[in-house]
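A quick write-up on the structure given underneath.
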Amino acid sequence: MTKHTLKVNKREAVGTGKLNALRAQGFIPGVIYGNGENINVQATASDVRVLLNEADTDSILVNLDVDGKAVLAMVKDIQRNWLKDGVTHVDFQAVTPDTVVKTNVFVKLNGTPAGVAMGGQVNQIIHELPIKCAVKDIPACVQADITALKLDESLRMAQVELPANVTTPYNGTVVLASVVKP
């Protein structure tokens, strides 16, 4: 999993009016949960935008620089203003490399199925897979080989090899993708 870096500063401002003023100055408020305390922080809006655009998954692991102190955290929630297309608040969860978390990772299908040559098309049913593992073991994505699929065949969870120390609540019969007639 890719780690990103974000510089944040502790903030004293709380309350709707003060946070709106902070946003108007180009900052995004946030909070870091965990380690026995909650820390109110702020980051520049442009840095948050870069972080979210660079992320290749929804499970964003971030090295936070909190006024010079390093904190490893995961992005837990992003609040957005959909009308203005902007982020209004970010929640982080402080973690250690051994912290076990539940998160989602993308499913990447590899190869061209044999059924495509027979006139079929690939229908990916599951795009994100819920997983449980330690933070250090979170994969960037789960890879699934579909080259052997013929027309009207499906790729089931039992046929996919998960990375070491990663589990999913999906049982082996869950269909991830299939090759069907258009």
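Residue pairs meeting the side-chain hydrogen bond (donor to acceptor under 3.5 Å, both in side chains) criterion with at least one partner in residues 108-118, sequence neighbours excluded, are N110-Q143.
Note: the hydrophobic cluster containing M118 also contains V122 (ILVMFWY, side chain heavy atoms under 4.5 Å, direct or indirect links). Hydrophobic clustering, with ILVMFWY side chains joined whenever heavy atoms are under 4.5 angstrom apart, keeps V31 apart from V66.
Separation of atoms CG (D47) and CD (Q42) is listed at 12.0 Å; rounding is to 0.5 Å. Rounding to the nearest 0.5 Å places CG of L64 at 11.5 Å from NZ of K69. N38 CG to D91 CG: the interatomic distance, rounded to the nearest 0.5 Å, is 9.5 Å. Taking OG1 from T167 and CD1 from I131, the interatomic distance works out to 8.0 Å, rounded to the nearest 0.5 Å. The CD1 atom of I78 sits 4.5 Å away from atom CG of L52, with the distance rounded to the nearest 0.5 Å. The distance from atom CD1 of I126 to atom CD of Q124, rounded to the nearest 0.5 Å, is 9.0 Å.
Contact annotation: the side chain of T99 never approaches that of M74 to less than 4.5 Å [non-hydrogen atoms, C-beta and beyond]. Annotation: side chain of V71 is not in contact with side chain of F92 (no heavy-atom distance under 4.5 Å). Side-chain contact check for V180 versus Q121: some heavy-atom pair is nearer than 4.5 Å. In this structure, the side chains of P97 and L72 come closer than 4.5 Å at one or more pairs of heavy atoms. Counting heavy atoms from C-beta on, the side chains of L162 and M157 come closer than 4.5 Å. Side-chain atoms of K181 and D152, non-hydrogen and from C-beta on, do get closer than 4.5 Å to each other. K102 is not listed as a side-chain neighbour of P130, based on a closest heavy-atom distance of 4.5 Å or more. Within the 4.5 Å cutoff, no side-chain heavy atoms of V135 are placed close to those of T96.
Contact between I32 and A94 at its shortest, heavy atoms only, is CG2-CB, 4.1 Å. In terms of heavy atoms, I60 sits closest to L51 at CG2-CD1, 3.9 Å. Contact record, V87 with I28: O-CD1, 3.0 Å, taken as the closest heavy-atom pair. Smallest separation of non-hydrogen atoms from S178 and S154: CB-OG, 3.5 Å. When every heavy atom of G111 is checked against every heavy atom of T147, the shortest pair comes out as CA-CG2, 3.5 Å. Between E153 and A148, the shortest heavy-atom distance links the atoms OE1-O, 3.7 Å.
Checking side-chain atoms of R11 against main-chain N and O of G30 turns up a donor-acceptor pair under 3.5 Å. Under a 3.5 Å cut-off, the side chain of R156 and the backbone N or O of A158 do not form any donor-acceptor pair. The closest donor-acceptor contact from the side chain of D67 to the backbone of K10 lies under 3.5 Å. In terms of modelled atom types and a separation under 3.5 Å, the side chain of Q93 and the main chain of V101 share no donor-acceptor contact. Between the side chain of T88 and the backbone N or O of Q79 there is at least one donor-acceptor pair closer than 3.5 Å.
Within a 6.0 Å radius of NZ in K7, other residues, nucleotides and ligands contribute more than 12 heavy atoms.
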**Item:** CA sep, side-chain torsions, deciding dist, call: I146, V179, side chain to side chain contact (heavy atoms under 4.5 Å, CB included)
**Value:** CA-CA 9 Å; I146 58 172; V179 178; over 6 Å; no

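Checked by atom type, the side-chain pair N171/T173 shows a donor-acceptor distance below 3.5 Å.
Applying the under-4.5 Å side-chain rule to Ile, Leu, Val, Met, Phe, Trp and Tyr, the cluster around L22 extends to L19, F27.
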